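Quick caveat: nothing in here was measured; it's all calculated off a predicted structure. Side chains included, hydrogens not; waters and symmetry mates left out as well; all remaining heavy atoms used. One-based numbering, in listed order, for ligands and for the atoms of each.
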Amino acid sequence: MAEETIFSKIIRQEIPTPLLYQDDLVTAFRDISPQADTHILIIPNKLIPTVNDVQESDELALGRMITVAKKLAADEGIAEDGYRLIMNCNSHGGQEVYHIHMHLVGGQPLGRMLSIK
Ligand code: 5GP
């Protein structure tokens with residue numbers, strides 16, 4: 001059984017965080033430490049620790065994350081200029097919170113995709 005993270009408490013609003021979107025499958029809210037002018041996290045309501053743990057039965061929620069990203073990008077006024085969707089996995093991916101999440105970042109030019117090379 002995977003251990004809950006702070007994101008489960010945000011989903012249940014036990015830690016009050018303004019939600020930008022919530023339905024039966026996904027929840028979205030602003031990152032506490034934004035890395036760009038717009039930085040939103042979109043997460044499945046179900047606790048899935050890493051992308052390695054995703055199952056076929058999660059496909060509806062994972063697809064919903066993308067359609068919600070599209071909607072929020074439009075709401076934020078960044079759709080036309082563009083943005084980046086990021087999912088980090090495990091230590092090499094830089095994952096810090098073990099409840100999968102999609103970062104929606106934009107609102108400014110984001111430069112090269114990776115900074116390692
Ligand atoms: P990761 O590195 O796991 O892909 O990203 C985790 C993200 O969650 C980080 O960008 C971090 O700033 C964000 N984060 C961690 N704790 C909280 C929190 O309590 N509230 C919010 N809104 N964001 C958080």
Side-chain angles (χ1 to χ4, degrees):
M1 189 72 175
E3 212 168 298
E4 281 195 350
T5 74
I6 196 156
F7 287 178
S8 290
K9 294 188 169 67
I10 291 173
I11 291 165
R12 295 193 297 263
Q13 288 288 280
E14 290 164 15
I15 296 177
T17 299
L19 300 183
L20 300 177
Y21 182 90
Q22 187 167 53
D23 64 18
D24 56 325
L25 292 175
V26 306
T27 298
F29 49 90
R30 291 192 196 281
D31 196 290
I32 202 168
S33 176
Q35 304 296 307
D37 288 348
T38 295
H39 189 169
I40 293 168
L41 300 174
I42 304 160
I43 70 177
N45 295 340
K46 175 188 169 189
L47 169 53
I48 305 167
T50 79
V51 172
N52 292 335
D53 301 303
V54 163
Q55 298 172 357
E56 264 184 49
S57 57
D58 299 320
E59 286 176 358
L60 190 59
L62 295 170
R64 185 71 59 83
M65 287 163 68
I66 302 270
T67 52
V68 170
K70 170 193 159 183
K71 171 193 160 21
L72 293 176
D75 290 351
E76 295 284 310
I78 63 171
E80 199 65 28
D81 285 336
Y83 50 90
R84 191 169 289 160
L85 301 175
I86 302 166
M87 292 182 79
N88 296 321
C89 182
N90 279 340
S91 60
H92 279 198
Q95 185 173 3
E96 291 174 357
V97 179
Y98 282 78
H99 180 139
I100 63 167
H101 46 280
M102 178 179 287
H103 299 257
L104 163 58
V105 288
Q108 62 187 89
L110 297 172
R112 287 164 56 90
M113 188 170 71
L114 296 175
S115 57
I116 50 171
K117 291 200 171 161

message = I need the atoms of ligand 1 closer than 4.0 Å to a non-hydrogen atom of H103, numbered in the order shown.
response = 1 (P), 4 (O), 5 (O), 7 (C), 10 (O)
query = To the nearest 0.1 Å, how far is atom 23 (N) of ligand 1 from its closest protein heavy atom, and which atom is that?
reply = I32 N, 3.2 Å
query = Is it the side chain, the backbone, both or neither of I15 that has a heavy atom closer than 4.0 Å to ligand 1?
reply = neither
message = Within the structure provided, determine whether E76 and I40 are in side-chain contact (heavy-atom separation under 4.5 Å).
response = yes
message = Check for me, please, whether Y83 and I42 land in the same ILVMFWY cluster - side-chain distances under 4.5 Å, paths through other members count.
response = yes
query = Looking at L41, which atoms of ligand 1 are within less than 4.0 Å of one of its heavy atoms?
reply = 8 (O), 13 (C), 23 (N)
ask   = Looking at side-chain heavy atoms only, is the closest gap between Q35 and H103 below 4.5 Å?
value = no
ask   = Out of I43, L47, I6, L19, which one pairs with I11 under the side chain to side chain contact (heavy atoms under 4.5 Å, CB included) rule?
value = I43
request  = Taking only heavy atoms of S33 into account, list the atoms of ligand 1 that are under 4.0 Å away from them.
outcome  = 12 (O)
request  = Give a yes/no verdict on whether any heavy atom in M87 is under 4.0 Å from an atom of ligand 1.
outcome  = no
message = Among all protein heavy atoms in this structure, tell me which lies nearest to atom 3 (O) of ligand 1, with the distance rounded to 0.1 Å.
response = E96 N, 2.6 Å
query = Between atom CG of L62 and atom CD of Q55, what is the distance when rounded to the nearest 0.5 Å?
reply = 10.5 Å
query = Y98: heavy atom below 4.0 Å from ligand 1, yes or no?
reply = no
query = Ion pair present between R64 and D24, side-chain N to carboxylate O less than 4.0 angstrom?
reply = yes
ask   = Below 3.5 angstrom, do we get any N/O pair linking V97 and ligand 1?
value = yes
N or O pair under 3.5 Å between D31 and ligand 1 = yes
key: N or O contact, Q95 vs ligand 1, cut-off under 3.5 Å   = no
Single-linkage hydrophobic cluster L85~L41, side-chain heavy atoms < 4.5 angstrom = no
inquiry  = So if I count the atoms of ligand 1 from 1 in the order they appear, which ones are less than 4.0 Å from some heavy atom of I10?
reply    = 20 (N)
remark   = min-distance protein heavy atom vs atom 22 (N) of ligand 1 -> R30 O, 2.8 Å
query = Between H101 and ligand 1, is there a nitrogen or oxygen pair with a distance under 3.5 Å?
reply = yes
request  = Report the nearest protein non-hydrogen atom to atom 19 (O) of ligand 1: residue, atom name, distance rounded to 0.1 Å.
outcome  = I6 CD1, 3.5 Å
request  = Just jot down the side chain to side chain donor-acceptor pair (under 3.5 Å) partners of Q108, sequence neighbours excluded, or say none.
outcome  = none
query = So is I86 in contact with ligand 1, going by heavy-atom distances below 4.0 Å?
reply = no
query = Hey, would you say the H101 and H99 ring centroids sit under 6.0 Å apart?
reply = no
query = So if you build clusters from Ile, Leu, Val, Met, Phe, Trp, Tyr with side-chain heavy-atom gaps below 4.5 Å, do F7 and L20 land together?
reply = no
inquiry  = To the closest 0.5 Å, what do you measure between CD1 (I100) and NZ (K46)?
reply    = 9.0 Å
task = Answer with side chain, backbone, both or neither: which part of Q35 has a heavy atom less than 4.0 angstrom from an atom of ligand 1?
result = neither
inquiry  = Give me the nearest non-hydrogen protein atom to atom 2 (O) of ligand 1 as residue plus atom name, then the distance to 0.1 Å.
reply    = G94 O, 2.9 Å
